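Okay, so here's the structure we're looking at.
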Amino acid sequence: MKRIVVLISGSGSNLQAIIDACQLGRLKAEIVAVLSNKADAFGLQRAQKAGIAAESLAIGDYADREAFDHALQQKIDSHQPDLVVLAGYMRILSGPFVTHYRGRLINIHPSLLPKYPGLHTHRRALENGDSEHGASVHFVTEQLDGGPVILQASIPILPNDTEQDLAKRLLSKEHLIYPRVIQWWVEGRLELREDRAWLDGQPLGASGADFALDELDT
Ligand SMILES: Nc1nc2c(c(=O)[nH]1)N[C@@H](CN(C=O)c1ccc(C(=O)N[C@@H](CCC(=O)O)C(=O)O)cc1)CN2
Ligand SMILES: NCC(=O)N[C@@H]1O[C@H](COP(=O)([O-])[O-])[C@@H](O)[C@H]1O
């Protein structure tokens with residue numbers, strides 16, 4: 001069974017969706033560890049409740065980003081993962097780390113990439129008066145949120161939406177698309193090739209696979 005390590009920094013609702021998918025048998029993989037840069041990340045409690053190894057590393061214990069990432073990499077590799085999943089992990093990863101996991105490192109980002117890489121995406125979409133917003137699952141490369149997109153989900157922005165409204169509505173879509181992308185990778189259907197995401201031997205376009213969300217819940 002494929003082994004997954006999940007990196008988090010906060011609540012871990014995407015982690016929970018992945019845990020649930022594994023426990024329901026929809027995702028034929030094993031989360032072997034959950035790691036965080038925040039000792040108080042609620043997602044660590046979610047992992048412990050599910051009987052999954054949960055650990056944190058303190059950024060302040062390391063001289064710089066590269067030293068932290070090297071220690072994180074060693075911790076990850078001690079669990080011998082096949083796939084590393086970023087699920088609300090809020091640290092920019094250094095080049096050697098990304099290179100080490102190339103093609104088996106994915107992230108979910110709360111925007112319709114390439115719009116709004118980086119932070120505060122809900123606020124930026126509201127400030128720009130956008131009519132829609134969304135989330136993107138992508139391979140992680142050194143370019144922040146610039147890696148090949150695998151799958152996106154969109155939501156309308158409603159007249160009185162706040163950042164919190166968008167975040168809540170978007171999370172419910174994230175919880176559908178992320179387990180599905182992980183399932184594609186675990187099944188060997190998804191790969192990073194020539195700087196593009198390929199699914200079932202076909203290169204995906206800039207917005208990733210073209211799937212209606214209701215197809216994903218089957
Ligand atoms: N090399 C890469 N690293 C990461 C990627 C990536 O695509 N390439 N994705 C991010 C996830 N992410 C958005 O999806 C993201 C995470 C963190 C930040 C950021 O600016 N972090 C700051 C600290 C912010 C904080 O502590 O609140 C930092 O690292 O200095 C931007 C985007 C994961 N990493
Ligand atoms: N830049 C990375 C980023 O902002 N990721 C976003 O953080 C949230 C984590 O929620 P969760 O902890 O409940 O899964 C999710 O919305 C995810 O898209």
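Atoms within each ligand, like the ligands themselves, are counted from 1 in listed order. Quick caveat, the model's predicted, so the values are computed rather than measured.
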Quiz item: When only distance counts, is Leu144 in polar contact with ligand 1, meaning an N/O pair under 3.5 Å?
Solution: no
Practice problem: Could you list the atoms of ligand 1 found under 4.0 angstrom from a heavy atom of Glu142? | Solution: 1 (N)
Exercise. May I ask you to list the atoms of ligand 1 that are less than 4.0 angstrom from any heavy atom of Arg65?
Key: 28 (C), 29 (O), 30 (O)
Quiz item: Hey, is Lys75 close enough to Glu55 for a salt bridge, meaning N to O under 4.0 Å?
Solution: yes
Quiz item: In terms of atom number and element, which parts of ligand 2 are under 4.0 angstrom from non-hydrogen atoms of Ser13?
Solution: 11 (P), 12 (O), 13 (O), 14 (O)
Quiz item: Short list, please: which atoms of ligand 1 are under 4.0 Å from a heavy atom of Tyr89?
Solution: 11 (C), 16 (C), 33 (C)
Quiz item: Under 4.0 Å from any heavy atom of His138, which atoms of ligand 1 are there?
Solution: 7 (O)
Exercise. Output the distance between atom CD1 (Ile150) and atom CG (Leu199), rounded to the nearest 0.5 Å.
Key: 9.0 Å
Exercise. Give the numbers and elements of all ligand 1 atoms closer than 4.0 Å to a heavy atom of Val98.
Key: 1 (N)
Practice problem: Scan side-chain atoms only and decide if His109 and Ser111 contain a donor-acceptor pair under the 3.5 Å cut-off. | Solution: yes
Exercise. Say whether Trp184 and Ile182 are linked into one hydrophobic cluster, either directly or through other cluster members, by side-chain heavy-atom distances under 4.5 angstrom.
Key: yes
Quiz prompt | Asp145, portion touching ligand 1 at heavy-atom distance under 4.0 Å | solution = both
Quiz prompt | Numbered atoms of ligand 2 (with element) below 4.0 Å of Glu174, judged on heavy atoms | solution = 15 (C), 16 (O), 17 (C), 18 (O)
Quiz prompt | Close N or O approach (Asn14, ligand 2; < 3.5 Å) | solution = yes
Quiz item: Under the 4.0 Å line, does any protein heavy atom show up next to atom 27 (O) of ligand 1?
Solution: no
Quiz item: Backbone or side chain, does any N or O of Ile92 fall under 3.5 Å from an N or O of ligand 1?
Solution: yes
Exercise. Please confirm whether Gly12 comes under 4.0 Å of ligand 2, counting heavy atoms of the residue only.
Key: yes
Self-check item: NZ/NE/NH1/NH2 to OD/OE distance under 4.0 Å, Arg196 and Glu194
Solution: no
Quiz item: How far does CD1 of Ile157 sit from CZ of Arg169, to the nearest 0.5 angstrom?
Solution: 8.0 Å
Quiz prompt | Between Gln73 and Asp69, a side-chain donor and acceptor under 3.5 Å | solution = no
Quiz item: Can you list the ligand 2 atoms lying under 4.0 Å from a non-hydrogen atom of Leu171?
Solution: 10 (O), 15 (C), 16 (O)
Quiz item: Which atoms of ligand 1 are found less than 4.0 Å from any heavy atom of Gln143?
Solution: 7 (O), 8 (N)
Practice problem: Kindly say whether Leu151 contributes a backbone atom to a donor-acceptor pair with the side chain of Arg180 at under 3.5 angstrom? | Solution: no
Quiz item: Does Thr141 approach ligand 1 within less than 4.0 angstrom via side chain, backbone, both or neither, non-hydrogen atoms only?
Solution: backbone
Practice problem: Considering the heavy atoms of His109, write down every atom of ligand 1 situated less than 4.0 Å from one of them. | Solution: 13 (C), 14 (O)
Quiz item: Identify the closest protein heavy atom to atom 2 (C) of ligand 2: which residue and atom is it, and at what distance?
Solution: Met90 SD, 3.5 Å
Practice problem: Before accepting this row, confirm whether a basic side-chain N of the pair Asp200/Arg189 lies closer than 4.0 Å to the acidic partner's carboxylate O. | Solution: yes
Quiz item: Would Asp20 and Arg26 pass as an ion pair if we require N to O under 4.0 Å?
Solution: no
Self-check item: Closest protein heavy atom (residue, atom, distance) for atom 8 (C) of ligand 2
Solution: Gly88 CA, 4.4 Å
Self-check item: Check: Tyr116/Asp145 side-chain N/O donor and acceptor closer than 3.5 Å
Solution: no
